[in-house]
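Remarks on the structure that follows.
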Amino acid sequence: MISTKLYNGLLCRHRCCRQIYYWYLLENLRHHSSLISNDEATDLPSHISKLVLKHPSTAASAAASLASTISSSFPSTSLTPSVVNAVLKRLWNDGPRSLLFFRSLLRLPSVSLSPSSFDHAVDIAARLRDRLSLRFLLSARLAAGLPLSHRTFSLLAERFAAAGKPDRAVRLFLSLHHHGIRQELRTFNSLLDVLCKSRRVRKATSLFKTFKHRFGADAITFNILADGWCRLKHTGNALDLLKEMVESGVNPTLATYNILLKGFFRSGQVNEAWQFFLQMKKRGRKMGSDCLPDVVSYTTVVHGLGLAGQIENARKVFDEMISQGCLPSVATYNAFIQVLCKKDSIQNALMVFEEMLRRGYTPNVTTYNVLIRGLCHGGEMERAMELMQKWMVRDERCRPNVHTYNIVIRHWCEKGETEKALELVGRMNEGVDCLPNLDTYNLVISRMFERRRSEDMVVAGRMVMEMVQRGYLPRRFMFNKVLNGLLLTGNQAFARDLLRMQDKFWRLRRDIRL
DNA sequence: TTAGGGTTAG
């Protein structure tokens with residue numbers, strides 16, 4: 001594989017640059033095509049996803065024909081729960097097709113579906129607010145002899161909260177016994193967590209007061225509520241809760257302290273965070289390892305100090321943890337690399353990245369995303385693309401995700417390089433890594449208005465159609481903008497097609513109900 | 001997949 005850098009070097013020194021360019025392209029292509037053919041042979045989920053994406057219809061009645069295509073293309077023994085889950089994950093951003101795939105599997109009696117696959121499908125239907133599919137999936141699950149699980153409850157509660165219906169989540173909890181799920185502390189904690197993560201901390205607190213005598217309360221209950229207050233930047237309430245926790249006879253855990261530590265940084269109380277961290281070290285030395293900072297505490301401090309602009313102090317803490325025998329994790333490196341990119345320099349961030357590789361750490365998708373974002377912010381788009389290319393070739397197991405694509409697409413759009421952004425969207429639509437999500441569509445469609453060209457309006461119109469087919473609702477403002485753009489540039493027929501799709505929007509605005 | 005650390009930009 002030849003890097004762009006080497007190619008640029010050769011180009012400057014030699015006169016026969018055209019031959020060298022072809023040689024460069026050929027080598028890259030050869031390398032790439034060998035990768036693709038390996039992929040096809042070994043990566044079953046990718047192969048199945050492509051087949052599902054190519055299927056001509058997404059109507060519920062298309063499940064039978066997809067089932068026969070799948071059964072004639074793959075032996076049923078290859079459709080293991082992990083393969084099924086991997087396909088559902090790849091098709092995550094095309095909800096209707098994910099559900100079509102799942103419905104087709106239900107028609108294949110030789111494929112046994114696991115509770116986690118059902119949960120994935122239920123989660124997708126709930127996200128789409130597709131009440132009919134949701135009912136169908138829940139009854140199909142029961143018919144398959146798989147009772148609803150704790151996980152089913154927590155994902156439904158999460159979707160209710162996200163849809164602005166926290167009371168429905170509470171009602172579901174109160175009626176759990178009708179669905180064969182036990183009401184116990186574990187489920188109660190999940191309900192509180194869903195409410196706190198959706199910023200309904202007061203509601204969670206009032207429920208906690210009502211039910212604490214019925215379900216009890218453990219360290220996890222208090223940690224969930226403390227984290228909820230910290231997310232709202234109400235560290236005072238979190239400290240009060242810590243006091244209440246001790247008074248109730250529940251011992252705080254290291255997670256409790258880490259939640260508060262993060263809370264101080266989040267609310268901009270950097271000095272309080274630092275004093276709290278020193279206190280943790282002091283008490284830890286005196287009373288044992290129960291509150292001695294661990295890798296999570298150190299990562300929180302490195303990240304918090306760095307974001308506050310205290311890069312040298314962050315570096316000292318990073319070095320100190322190693323001398324204290326607490327090894328940094330990939331997350332610690334990611335936090336440090338991110339703050340260097342944001343508050344210091346990309347060069348120093350790249351040096352830490354190289355040090356990470358030298359020490360034998362395996363970077364993950366976040367490491368690459370943080371670095372690629374840093375390069376994009378610094379205007380070094382070519383280096384960002386080079387890193388993405390090298391990464392994908394070097395590490396086949398760690399693939400770019402939707403964030404990776406959105407970072408690069410956003411920056412190409414900002415630079416006015418629309419074609420490059422569209423090329424990446426095209427690569428996403430191949431279904432190898434991940435499909436575009438709502439952010440991708442919003443980004444690219446907004447960009448299509450910059451050049452005021454008729455062709456761009458058609459591209460924007462096609463994207464609106466595609467996003468609706470994949471279960472994403474465009475904002476009314478954007479929809480009208482695309483419609484006006486098409487009308488003003490003489491694309492009346494297309495505008496009419498788009499208008500006809502509006503009734504589909506209404507069908508998508510359904511509510512979740514059990 | 002019962003709680004704590006690392007991803008957009010606005």
Side-chain angles (χ1 to χ4, degrees), chain A residues 85 114-116 119-120 122-123 149-158 184-194 196-197 204 215 217-228 230-231 238 241 245 250 252-263 265-266 273 277 280 291 293-304 306-307 317-318 321 326 328-342 352 356 361 363-374 376-377 400-411 413-414 437-440 442-443 446:
Chain A
N85 287 349
S114 68
S116 67
D119 282 337
H120 269 298
V122 164
D123 199 13
S149 67
H150 174 188
R151 172 70 190 141
T152 321
F153 159 67
S154 58
L155 67 87
L156 286 173
E158 200 180 322
E184 53 190 349
L185 182 57
R186 183 167 162 242
T187 359
F188 184 55
N189 282 345
S190 293
L191 173 70
L192 295 182
D193 194 42
V194 161
C196 285
K197 297 249 162 61
F215 300 114
D218 58 6
I220 295 173
T221 322
F222 283 102
N223 289 353
I224 287 166
L225 293 169
D227 187 54
C230 287
R231 280 169 193 267
L241 204 70
M245 185 176 186
V250 180
T253 62
L254 193 49
T256 320
Y257 297 117
N258 286 340
I259 286 164
L260 279 154
L261 188 62
K262 169 86 182 167
F265 279 118
R266 196 162 10 205
F277 179 57
M280 279 173 78
C291 63
D294 67 351
V295 62
V296 177
S297 333
Y298 277 105
T299 305
T300 307
V301 174
V302 167
H303 192 233
L307 282 187
V317 173
F318 187 78
M321 70 184 286
C326 178
S329 63
V330 173
T332 321
Y333 271 103
N334 293 350
F336 194 33
I337 290 171
Q338 190 211 104
V339 295
L340 287 171
C341 286
K342 281 191 172 173
V352 173
M356 177 183 178
Y361 285 87
N364 61 17
V365 65
T366 307
T367 323
Y368 289 110
N369 286 354
V370 162
L371 275 171
I372 289 171
R373 187 178 302 120
C376 289
H377 267 300
N401 61 15
V402 74
H403 294 291
T404 323
Y405 280 100
N406 287 352
I407 293 163
V408 183
I409 289 172
R410 173 176 284 113
H411 282 86
C413 285
E414 281 172 5
N437 67 4
L438 191 60
D439 288 341
T440 325
N442 283 336
L443 260 167
S446 312

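Just so it is clear, the values below take in all heavy atoms, side chains as well, and ignore hydrogens, waters and symmetry mates. Letters go in sequence order (proteins before strands), and every chain restarts at 1.
Closest approach to the Val295(A) side chain among dT2(B), dG4(B), dG5(B) is made by dG5(B) (side chain taken as heavy atoms from C-beta onward). For Asn223(A), whose side chain is taken as the heavy atoms from C-beta onward, the closest listed nucleotide among dA3(B), dG5(B), dG6(B) is dA3(B). Closest to the side chain of Ala335(A), out of dG6(B), dT2(B), dG5(B), is dG6(B). Side-chain proximity of Asp218(A) to dG6(B), dT2(B), dT1(B): nearest is dT2(B). The His377(A) side chain lies nearest to dA9(B) when the options are dT8(B), dG4(B), dA9(B). In this structure, of dG5(B), dA3(B), dG6(B), it is dG5(B) that holds the atom nearest to the side chain of Ser329(A).
In this entry the distance linking CZ of Phe188(A) with P of dT2(B) reads 17 Å, nearest Å. Rounded to whole angstrom, the span from the CE atom of Met356(A) across to the P atom of dG6(B) amounts to 15 Å. The distance between atom CG of Asn258(A) and atom P of dG4(B), rounded to the nearest whole Å, is 11 Å. Rounded to whole angstrom, the span from the CZ atom of Arg373(A) across to the C1' atom of dG10(B) amounts to 14 Å. Taking atom NZ of residue Lys342(A) and atom C1' of nucleotide dG10(B), one finds them 12 Å apart after rounding to whole Å. Rounded to an integer number of Å, the gap from CG of Asn85(A) to P of dT1(B) is 14 Å. Rounded to whole Å, atom P of dA3(B) lies 16 Å from atom CG of Asp294(A). For the pair Leu191(A) CG and dA3(B) P, the interatomic distance rounds to 13 Å; values are reported in whole Å.
Judged by atom type and distance alone, Thr300(A) does not reach the base of dG6(B) through any side-chain donor-acceptor pair under 3.5 Å. In the interface, the side chain of Arg186(A) is not paired with the base of dT2(B) through any donor and acceptor atom under 3.5 Å apart.
At the heavy-atom level, Asn406(A) lies nowhere under 4.0 Å from the strands shown. Counting non-hydrogen atoms under 4.0 angstrom, His411(A) reaches the backbone sugars and phosphates but no base. At the heavy-atom level, Thr367(A) lies nowhere under 4.0 Å from the strands shown. Thr332(A) comes within 4.0 angstrom of a base, heavy atoms only. At the heavy-atom level, Val301(A) lies nowhere under 4.0 Å from the strands shown. Note on Thr187(A): nothing from the nucleic acid sits closer than 4.0 angstrom, heavy atoms only. If you check every strand for non-hydrogen atoms under 4.0 Å, Asp119(A) touches nothing.
A close approach under 4.0 Å does not occur between any side-chain nitrogen or oxygen of His303(A) and OP1 or OP2 of dG5(B). Contact annotation: His150(A) does not reach the phosphate of dT1(B) (side-chain N/O to OP1 or OP2, under 4.0 Å). Under 4.0 angstrom from either OP1 or OP2 of dT2(B) there lies no side-chain N or O belonging to Lys197(A).
Atoms OG and CG, on Ser149(A) and Leu155(A) in that order, are 7.5 Å from each other to the nearest 0.5 Å. Atoms CZ and CD1, from Phe188(A) and Ile224(A) in turn, are 9.5 Å apart once rounded to the nearest 0.5 Å. Residue Arg266(A) holds its CZ atom at 9.5 Å from OG1 of Thr300(A), rounded to the nearest 0.5 Å.
Tyr405(A) places no side-chain N or O within donor-acceptor distance of the main-chain N or O of Thr440(A), the cut-off being under 3.5 Å.
Only the P atoms considered, dT1(B) is 12 Å distant from dG5(B), to the nearest whole Å.
In this structure, Phe318(A) has its ring center at least 6.0 angstrom away from the ring center of Tyr298(A).
The ring-ring contact (aromatic ring centres under 6.0 Å, His included) check on Tyr257(A) picks up nothing, with sequence neighbours excluded.
Donor-acceptor pairing under 3.5 Å is recorded for the side chains of Asn401(A) and Thr404(A).
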